[in-house]
Novice: 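Structure in structure tokens, see below.
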Amino acid sequence: MNAVEIEQAITDLAEQPFDRAEFPYAFLEAFGNKATTIKRLRAGASNKSDLGGVLQTSNIHILTCDVGRVTQTLAALKASPATAKAKAKFILATDGADFEAEDLASGETVACAFKDFPDHFGFFLPLAGISTVRQISENAFDIRATSRLNRLYVELLKDNPEWGTAERRHDMNKLMARLIFCFFAEDTDIFIGKGRFTETVAQMSAKDSSNTHEVIATLFRAMNTKREDRAAAKIPRWAEDFPYVNGALFSGGDEVPRFSKIARSYLLHVGGLDWTKINPDIFGSMIQAVAEDEERGELGMHYTSVPNILKVLNPLFLDDLRAKLEEAGDNARVLLNLRKRIAKIRVFDPACGSGNFLVIAYKEMRAIEAEINRRRGEPDRASEIPLTNFRGIELRDFPAEIARLALVIAEYQCDVLYRGQKLALAEFLPLRNENWITCGNALRLDWLSVCPPTGTDVKVLADDLFETPLDQAEIDFENEGGETYICGNPPYQGSVGQTAQQKEDMARVLAPLLKTYKDLDYVAAFVLKAAQFNNFTGAASAFVTTNSITQGEQVAMLWPLVFKECNTINFAHTSFLWSNLASNKAAVTCVILGLTTNPGSERKLFGEGTVRSCANISPYLVAADTVIVTKRSSALSAIGHMQSGNKPTDGGHLTPSTEEKDQIIAASPDARRFLKRYVGSRELINGGARWCIWIEDDDLEEVNRIDILRDRLEKVREMRLSSNGAQANENAATPHRFVFAPHSRHAAIAVPNVSSERRLFLPCEITGYDTVVSNLASVIYDAPLWNLALIASRLHLVWIATVCGRLKTDIRYSNTLGWNTFPVPTLTDKNKVDLTRCAEDILLAREHHFPATIADLYDPENMPADLRAAHDRNDEVLERIYIGRRFKNDTERLEKLFDLYTKMTASAAPAKGKKRKAGANA
DNA sequence: GATCCGACAGCTG
DNA sequence: CAGCTGTCGGATC
């Protein structure tokens, strides 16, 4: 169940008559428990309650009680030994009139009337396996409102399918935005009389709903008609009280789709919520899902949490404003100058969605301005921060519409907060007519047109800089001479997942500048456009992006271009996990990149709860000089030749499990000699056996006589033919061969391509001549053992962890990026002998613990002392070769490696591709 | 011919 | 059901 379905289920539950016996089960069912789970609880098998209630292990202890005994009952639940024993997360007591619950982990409590408990459903979301950021679970209103609007939206489309077509989508989106505005307005006295809009619709529309659309259309028309024009426009008396709202919101057609009885009741139901509680920053990103067919129900899928937004905005400019406020003290003149500065600041989000970042930036700036006004003794003073200084571009129509509305609501709420309801109301209407959120494709628009710099003749230059300049935006900023800050969380998409349109977007931005750009993530185009904008206007930018543009091969593609635009990484936040309300969370690891062309002397590198100042931040987001490592097809140093393992592309038919292998041999003993041991990352690290069918061309005739093998080859052929990949297609005619197969009876040193970041050393292993290593590992065939000493060293791990790509934050080993670029001093014969000895000692130490796996042996908590000692000796010997002593720490290791890499690439002819060393600000 | 990556994906405790 | 940790094969060079 998703959040929308849960909201609906508990809303229904709260409206039903209270049934003491049934309630606990109904409650659990509403939170998505399966029928069988409920059945087992009813039967008592899994019910651990010692108080006659219902206790679900690891979840909740519920007890209903006599009227008036709720508080005592909750206390009893808390004291119950069974609650603790079953590790309940929540306790809940109710008598049908009152409702109390506690989150035992956090100690937070809920106490409300029974009928109101759905208002707190965010509190219980963990019960449904939905973990969420605090802002969302604390703002149940936004979820409930979204959920109800969602139902209304779906119901309206059901009765008015033409409103769902591409031509009418905009009208539909507009309708939703207008309704949201009306709900907000009627609860905040913008409309005279609480609930005025909903009530008017309820009274004036027939119970059978037949004229609901006409009533709403009339109200919309009133809101689009100035007082003096109303008589002429024949606005009926019952609509007279509704103010002239204007704005792009109510102009442009007032057609409304027909409402079924159900749709009408949904509408009244949505209006019944208390819309004063709306949170424009959260609500917007949730409501945008309503209009997306694929996303409907997945509330807040693209929600950027407020802490994450502040990770961007604080270091970008808010921290500085606050510091200046601090410095100003009570000096009225300095405060005035700061207020003037704030009023001229432009914030621009080129992928603004429903305006998340813009709303937060606006609210934070209003807070600072309010403090200035308070200190200057002008608490009632109107804000000088114009909403139109908060500009955005959004591809989708609905969020673009919502973003403007969210800003309007934020402005009103800030006015109420800082100046009082009366002053807020006095100046709220009519809304500004302009639209300062552009609906369009940010990678195809000229940002200088959407967010023009001040005091320059942009038009001419813009034509030089961008391929597709748009017409100048209609409205000018009220910020002559002000600063501009670009921010946001643009879309990420790796090259494989990009749509044709996204690839074309990438081509427009990158093709003129770079030959090989197609492996870049989509978000890289936003980073580059921001860098270009910064360079041209002196703006500064900060985005949340996927961490992959700061890792591996993408670094050498993107960053030289960014540095060429004279940008510096002024601040950055290293990898952190994305989190939102979606039950299947977006599995993505993010970073924050702050760029500017006017850096101060200090760079700030943020981690999880840490900040460090440094002289430079490299594109790998380490505090080091900017050295960019480019992948090579052969080794920079005189070390072994490493290559990819053997790639089957077989749909599983060439790589049977142990069971399948046994079946094959049982069916045809002749097949035995074509089965080899097969290892990938997983088998190298965790042990366990896998098998592959390995057939030399000469044996094909014999294989074809073995039915069970021939059948498998036929399946491989089919799989390769039906694949979208060219290489798979080409190899369909030779299904007995792996599509990439360097192996033929070689022993090898194998390194898993993906492994956990927690280990202190890279996993690596020797494989026998009869083992095939898969494409999930890299191999050096017939290699001298000292190569393993290099791979197993701390130095190598530090290098790999910095310059290779990653899967989330885990280590991803690459021969071209990591091994071939690894700088090693010239090794003497003696060095090689010493290192070989070290490698042997490591292997021997491992053997002492047979049959422990690499995962067991290298568990950072439980590494055996002898293995640890062998690695220490290995590091000692290798590091002495580098600098004649042990390195002090990883920073020093990295410094030396980058230094050596720079020297070696400068002197040696590059193997392939260009070497690059960019200064911090080349 | 070779490889790097995945707004991921599958397993397990 | 969330924490953990690495498959598989396509797109790209």
Side-chain angles (χ1 to χ4, degrees), chain A residues 32-33 58-59 89 126-131 295 298 301-304 489-498 503 515-523 544-549 551-557 577-580 582-590 631-634 642-652 654-655 680-686 690 719-720 722-731 738-742 752-759 763 774-778 804-820 855 859 912-913:
Chain A
N33 281 285
S58 305
N59 264 329
K89 293 191 196 101
L127 282 182
I130 298 176
S131 59
E295 288 178 29
E298 290 293 345
M301 195 153 93
H302 293 280
Y303 174 72
T304 312
N489 175 23
Y492 327 150
Q493 191 57 254
S495 73
V496 173
Q498 286 166 17
K503 287 181 183 181
K515 228 173 28 204
T516 59
Y517 63 89
K518 287 185 181 168
D519 275 326
L520 278 170
D521 194 283
Y522 190 62
V523 77
V544 186
T545 79
T546 167
N547 63 357
S548 33
I549 61 171
Q551 293 164 1
E553 61 175 1
Q554 297 197 39
V555 171
M557 298 182 207
L577 257 177
W578 183 257
S579 64
N580 62 21
S583 41
N584 49 344
K585 292 182 200 175
V588 57
T589 313
C590 302
K631 62 178 175 181
R632 308 171 54 98
S633 57
S634 65
M642 185 184 284
Q643 54 193 321
S644 268
N646 302 273
K647 180 170 178 172
T649 317
D650 63 336
L654 287 177
T655 50
S681 283
R682 192 184 351 181
E683 290 72 31
L684 285 169
I685 293 167
N686 294 313
R690 274 177 86 188
M719 178 270 171
R720 289 186 184 168
S722 60
S723 161
N724 290 320
Q727 193 164 34
N729 298 156
E730 283 163 23
N731 285 278
F738 278 36
V739 300
F740 175 62
N753 279 355
V754 174
S755 62
S756 168
E757 64 173 336
R758 294 171 59 244
R759 299 190 184 102
S774 88
N775 62 319
L776 283 123
S778 300
C804 282
R806 296 202 171 221
L807 181 54
K808 57 177 184 49
T809 56
D810 277 348
I811 306 275
R812 170 166 251 153
Y813 196 92
S814 144
N815 54 344
T816 59
L817 281 161
W819 178 254
N820 291 344
D859 178 344
K912 195 181 175 186

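Since the structure is predicted, the reported quantities are computational estimates derived from the model, not experimental observations. Lettering of chains follows the sequences in order, A, B, ..., and the numbering in each one begins at 1.
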Novice: Under 3.5 Å, side chain of A:Asn753 to main-chain N/O of A:Ser778, donor-acceptor pair present?
Specialist: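 Indeed, once roles are kept as given, a pair shorter than 3.5 Å links the two residues.
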Novice: Between C:dT12 and A:Lys503, is there an OP1 or OP2 to side-chain N/O distance shorter than 4.0 Å?
Specialist: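 Yes, such a contact exists.
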Novice: Can you list everything that forms a salt bridge (charged side-chain N to carboxylate O under 4.0 Å, His left out) with A:Lys808? Sequence neighbours excluded, please.
Specialist: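 By the salt bridge (charged side-chain N to carboxylate O under 4.0 Å, His left out) rule, A:Lys808 matches A:Asp810.
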Novice: Which listed nucleotide (C:dT12, C:dG6, B:dA7) is nearest to the side chain of A:Ser495?
Specialist: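 Of C:dT12, C:dG6, B:dA7, C:dT12 is nearest to the side chain of A:Ser495.
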Novice: Scan A:Ser774 against the nucleic acid and name what it touches under 4.0 Å (heavy atoms): base, sugar-phosphate only, or nothing.
Specialist: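 The answer is nothing, as A:Ser774 stays clear of every strand by at least 4.0 Å.
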Novice: In whole Å, I'd like the distance from the NZ atom of A:Lys808 to the C1' atom of B:dC5.
Specialist: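 Atom-to-atom, A:Lys808 to B:dC5, this comes out as 14 Å.
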Novice: Starting at CG of A:Leu776 and ending at C1' of B:dG6, how long is that distance when rounded to a whole Å?
Specialist: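 My rounded result for the distance is 13 Å.
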Novice: Are OP1 or OP2 of C:dG6 and a side-chain N or O of A:Ser681 less than 4.0 angstrom apart?
Specialist: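 False: A:Ser681 side-chain N/O out of range (4.0 Å or more) of C:dG6 OP1/OP2.
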Novice: Atom NZ of A:Lys518 and atom C1' of B:dC5: how far apart are they, to the nearest Å?
Specialist: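 To the nearest whole Å, that distance equals 17 Å.
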Novice: Who are the salt bridge (charged side-chain N to carboxylate O under 4.0 Å, His left out) partners of A:Arg759, not counting sequence neighbours?
Specialist: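 Scan of A:Arg759 (salt bridge (charged side-chain N to carboxylate O under 4.0 Å, His left out), adjacent residues dropped) gives none.
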Novice: When you match A:Val496 and A:Ile685 each to their closest nucleotide on DNA chain C, which lands nearer the 5' end?
Specialist: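 Checking each residue's closest nucleotide, the 5'-ward one belongs to A:Ile685.
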Novice: Nearest to the side chain of A:Asp519, which nucleotide is it out of C:dT12, B:dC5, C:dG6?
Specialist: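 Shortest atom-to-atom distance from the side chain points to C:dT12.
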Novice: If you compare every side-chain N and O of A:Ser755 against the phosphate oxygens of C:dT5 (OP1, OP2), does one of them come in below 4.0 Å?
Specialist: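 Checking A:Ser755 against C:dT5: no side-chain N or O falls below 4.0 Å of OP1 or OP2.
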Novice: In whole angstrom, give me the gap between the C1' atoms of C:dC13 and B:dA7.
Specialist: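 Rounded to whole Å, the distance is 25 Å.
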Novice: Side-chain N or O of A:Arg758 versus OP1/OP2 of C:dT5: is the shortest distance under 4.0 Å?
Specialist: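 Affirmative; the distance criterion is met.
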Novice: Apply the test side-chain contact (heavy atoms from CB on, under 4.5 Å) to residues A:Tyr492 and A:Val544: give CA-CA distance (whole Å), side-chain angles for both, the deciding distance (0.1 Å), then the verdict.
Specialist: CA-CA 10 Å; A:Tyr492 327 150; A:Val544 186; 3.3 Å; yes
Novice: For A:Pro490, which contact category applies under a 4.0 Å heavy-atom criterion: base, sugar-phosphate, or nothing?
Specialist: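 Base contact.
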Novice: Quick one: the dot-bracket string of DNA chain C, using Watson-Crick and G-U wobble pairs with both distances under 3.5 Å, [ ] for crossing pairs and | for bases paired to another strand.
Specialist: ||||||.||||||
Novice: List for me each residue that meets salt bridge (charged side-chain N to carboxylate O under 4.0 Å, His left out) alongside A:Glu757, sequence neighbours excluded, and say none if there are none.
Specialist: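 For A:Glu757, the residues satisfying salt bridge (charged side-chain N to carboxylate O under 4.0 Å, His left out) (neighbours in sequence not counted) are A:Arg806.
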Novice: State whether A:Arg812 places a side-chain N or O below 4.0 Å from either non-bridging phosphate oxygen (OP1 or OP2) of B:dC8.
Specialist: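 No, no such contact exists.
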Novice: Distance between the C1' atoms of B:dG6 and B:dG10, in whole angstroms?
Specialist: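 Their C1' atoms lie roughly 14 Å apart.
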Novice: What protein N or O atoms touch nucleotides 1-3 of chain B N or O atoms at under 3.5 angstrom, if any, and at what distances?
Specialist:
| unit_1 | atom_1 | unit_2 | atom_2 | d |
| --- | --- | --- | --- | --- |
| B:dA2 | N7 | A:Gln727 | NE2 | 3.2 |
| B:dA2 | N6 | A:Gln727 | OE1 | 3.0 |
| B:dT3 | OP1 | A:Asn815 | ND2 | 2.6 |
| B:dT3 | OP2 | A:Ser644 | N | 2.8 |
| B:dT3 | OP2 | A:Ser644 | OG | 3.2 |
| B:dT3 | O4 | A:Lys647 | NZ | 3.2 |

Novice: For a quick check, tell me whether the side chain of A:Arg720 and the base of C:dG9 share a donor-acceptor pair closer than 3.5 Å.
Specialist: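 It does not, because no donor-acceptor pair links the side chain of A:Arg720 to the base of C:dG9 below 3.5 Å.
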Novice: How close or far is atom C1' of B:dG10 from atom CZ of A:Arg682, stated in whole angstroms?
Specialist: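 To the nearest whole Å, that distance equals 8 Å.
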Novice: Which residues pass the side-chain hydrogen bond (donor to acceptor under 3.5 Å, both in side chains) test with A:Asn731, sequence neighbours left out?
Specialist: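 A:Asn731 satisfies side-chain hydrogen bond (donor to acceptor under 3.5 Å, both in side chains) with no other residue.
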Novice: Hey, does A:Gly497 reach any base, or is it just sugar-phosphate, or nothing, if we go heavy atoms under 4.0 Å?
Specialist: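 Nothing, no nucleic acid heavy atom in range.
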Novice: Nearest heavy atom decides the nucleotide; on that basis, is A:Glu683 or A:Tyr517 closer to the 5' end of DNA chain C?
Specialist: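 The 5'-side residue here is A:Glu683.
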Novice: Spell out, as yes or no, whether a donor-acceptor pair under 3.5 Å connects the side chain of A:Ser681 to the backbone of A:Leu776.
Specialist: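 Checking the backbone N and O of A:Leu776 against the side chain of A:Ser681, a donor-acceptor pair under 3.5 Å is found.
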Novice: Is a donor-acceptor pair below 3.5 Å formed from side chain A:Asn489 to base B:dA7, judging by atom type as modelled?
Specialist: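 When only heavy-atom distances are counted, A:Asn489 does reach the base of B:dA7 through a donor-acceptor pair under 3.5 Å.
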Novice: Just to be sure I understand the rule, does A:Met557 reach a base, reach only the sugar-phosphate, or reach nothing, if contact means heavy atoms closer than 4.0 Å?
Specialist: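 Counting heavy atoms under 4.0 Å across all strands, no contact is made by A:Met557.
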Novice: Can you find a side chain N or O atom of A:Asn686 that sits less than 4.0 Å from OP1 or OP2 on C:dG6?
Specialist: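 Yes, because at least one side-chain N or O of A:Asn686 sits under 4.0 Å from OP1 or OP2 of C:dG6.
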Novice: How is A:Ser58 classified with respect to the nucleic acid when contacts are heavy atoms under 4.0 Å: base, sugar-phosphate, or nothing?
Specialist: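 Since no nucleic acid heavy atom lies under 4.0 Å of A:Ser58, the category is nothing.
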Novice: Quick check against the 3.5 Å criterion: does A:Asn815 have a side-chain atom that pairs as donor or acceptor with the backbone of A:Asn820?
Specialist: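 No, because the side chain of A:Asn815 does not come within donor-acceptor range (under 3.5 Å) of the backbone of A:Asn820.
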Novice: Would you measure the distance from the C1' atom in B:dC5 across to the matching atom in C:dG6 and give it in whole Å?
Specialist: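 To the nearest whole Å, 13 Å.
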Novice: Using a heavy-atom cut-off of 4.0 Å across all strands, would you classify A:Asn724 as base, sugar-phosphate, or nothing?
Specialist: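 If one applies the 4.0 Å heavy-atom cut-off, A:Asn724 turns out to touch the sugar-phosphate alone, with no base involved.
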